[in-house]
Amino acid sequence: MDDLFTPVAAPRPDMLTVSFESWEGPLDLLLALARTQKVDLREISILALTEQYLAYIDGARQLKLELAADYLVMAAWLAYLKSALLLPKEAQPEPSPEELALRLQLRLQRLHAMREAGARLMARDRIGRDVFVRAKPEGLRLVRRAKWDASLFDMLQAYGQVKARTQPVIHRVAVRPVMTLDEAIQRVGALVGAALDWTRIESFLPSGLDAPMAKSAMASSFVAALELARQGRLDIRQEGIFEPIFLRAATPAEERERLL
Amino acid sequence: MTQEPDDFLRAVEAALFVTEEPLTLADLRLHVGEGGDLPGALATLEQHYAGRGVNLVERGGRWHFQTAADLAHILRREREENRKLSRAAMETLAIIAYHEPVSRAEIEAIRGVQVAKGTLDVLMEAGWVRPAGRREVPGRPLIYVTTVEFLSHFGLSSRRDLPGMDDLRAAGLLDPVDLALEGLNAQSAVENDEEEA
Amino acid sequence: MTQEPDDFLRAVEAALFVTEEPLTLADLRLHVGEGGDLPGALATLEQHYAGRGVNLVERGGRWHFQTAADLAHILRREREENRKLSRAAMETLAIIAYHEPVSRAEIEAIRGVQVAKGTLDVLMEAGWVRPAGRREVPGRPLIYVTTVEFLSHFGLSSRRDLPGMDDLRAAGLLDPVDLALEGLNAQSAVENDEEEA
């Protein structure tokens, strides 16, 4: 399939028809030059290739062609590689020029392999060029039809929900066990008379209450204590925030004055 | 009987296969050239494809391949997919069943929510609901009733078989708190299913 | 040898005849149903059409009919002009096909030039190449693979059928340069040892 993959005309070193637009970068040019050595890419002489490339670039310069930077970078690198390869072995820098040369050779082999693979791929029997499928197939159609699934229970439940949702709503407050404020005032008032010394408020609550009732009793007893204190019937003391609350019977006014 | 088809026959076969339009003998000649026994090749091909899934046929002097008539169902295959009715559709269906004939406005009044256009369509597509004329009130709204398929799908012999309000209450289906909870659970179950799907 | 094809075989034949896209076994099952020996039917059809003007072929697990390659000359039309791929696109496609999955940087390492923006686009537009996630290395580059359409278009049953695949792999030409270099160093080390011994 030469029409699809036109191999780049291999340049002859003696014929400098230089056109850098036809090369896709220095590696491409190097590969084309390597192929003029007419040997397996594994056998090419990198030194010879380097000289070919440098001569090519030189020719281009004499023709005052503008050269892309990457061609010049490659030329500089190859000039370095060439001098390194010519150095006596002990004076060779790291990495060794042999390794650099081998690396270049491996890269050229890989590019060449892919170029050939691409050409072979393009040469296969391709749909629309070599083999043909039907121009206007009728097409297969898959029509999906929903099969609705619902049970009688689902429907009744839905109806029940509609009814429940739209029925007038009657709010009813549940009766919860509480200690009323009156109860608490009576209870605390009666008990505080017996307590001459400071006594924790908890001691004024009935024992054996369940949790909600205990809370209610505490709340009511506290409010009762405040009310009784306002009436001057008891004193309240708390050392600090969240500290225990103590109650005791109020000191008669004349005694308080005596103490003061 | 089976013999290797010659290249002329193969060319005719390939040309008929790729063509956009049925081909006359003249059309075919443009492809396969002047040599060869074209009518003979067509007759051989016609016979070769007879009784197969694809047949070679001649219509008004034009030849083309077509699939065998008895295989039409293969080309347009219908597949049933089970789908669950949405809650809105379920409620709408129940309201129609209990209150029929009802208009859309009446359904909305009972549901307390608007009824989307698609909801009634789904129920009609399922074959459970059909329009049954118009109510003679201003605006002449369409009214809807359930169908015989509705009764058979839900295993009812008549609408009188639908449980009454007392039955629903006894079954706990009218209890607001339980229902609300159930509803929430059912909803999250559906959402989970969708996530998994 | 010739026997009346059964209805299952005829159905498979008809479905493959009308399809717009190559069909997987699963696609075919949707149309011809779960019964019947589908691989057997396909093998029978493949054999039946072998050597005819139209062949049944499998590409990347998908089956379709196409004309025989040797008849290209009678079917190719003047006006049909395949857009030629650029050399860059051709090489890039080959690199992706033989190395997949590959990143853009890996393609560039082999070609020695940057991959122009349009090159991958052209291949993706043709439907031959697609991105297939990212490589979990710094920068998380996109990686590219070929598609089943690529296999169909180039007449490959699978990537193993890529021309010269085995030879290239055996020659180490699909390994990165660094890896190949390591291999060579190890080899020469062994050889040196042997020489010294």
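Proteins come first, then strands; the chains are lettered A, B, ... in the order of their sequence lines, and each starts at number 1.
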- prompt: When heavy-atom pairs shorter than 4.5 Å are enumerated against chain B, which of C:Val54, C:Leu16, C:Leu30 gives the highest number?
  reply: C:Val54

- prompt: Counting only heavy atoms not in B:Glu58, do more than 12 fall under 6.0 Å of its CD?
  reply: yes

field: side chain to side chain donor-acceptor pair (under 3.5 Å) involving C:His99 - partner list, sequence neighbours excluded
entry: none

query: Which pairs pass side-chain hydrogen bond (donor to acceptor under 3.5 Å, both in side chains) with one or both residues in residues 11-23 of chain C, sequence neighbours excluded?
result: B:Arg52-C:Glu13, C:Glu13-C:Tyr49

- request: Measure the CZ-CD1 distance between C:Phe17 and B:Ile74 for me, rounded to the nearest 0.5 Å.
  value: 15.0 Å

message: Does B:Arg76, at its CZ atom, have more than 12 non-hydrogen atoms belonging to other residues, nucleotides or ligands within less than 6.0 Å?
response: no

query: Which residues in residues 60-73 of chain B have a heavy atom less than 4.5 Å from any heavy atom of chain C?
result: B:Phe65, B:Gln66, B:Thr67, B:Ala68, B:Asp70, B:Leu71

query: Do you know which two heavy atoms are closest between C:Ala14 and B:Gly53, and how far apart they sit?
result: CB-O, 3.7 Å

- prompt: By number, which residues in residues 154-173 of chain C have some heavy atom less than 4.5 Å away from chain B?
  reply: none

message: Is it true that, when you exclude C:Arg104 itself, more than 12 heavy atoms of the residues, nucleotides or ligands shown sit nearer than 6.0 Å to its CZ?
response: yes

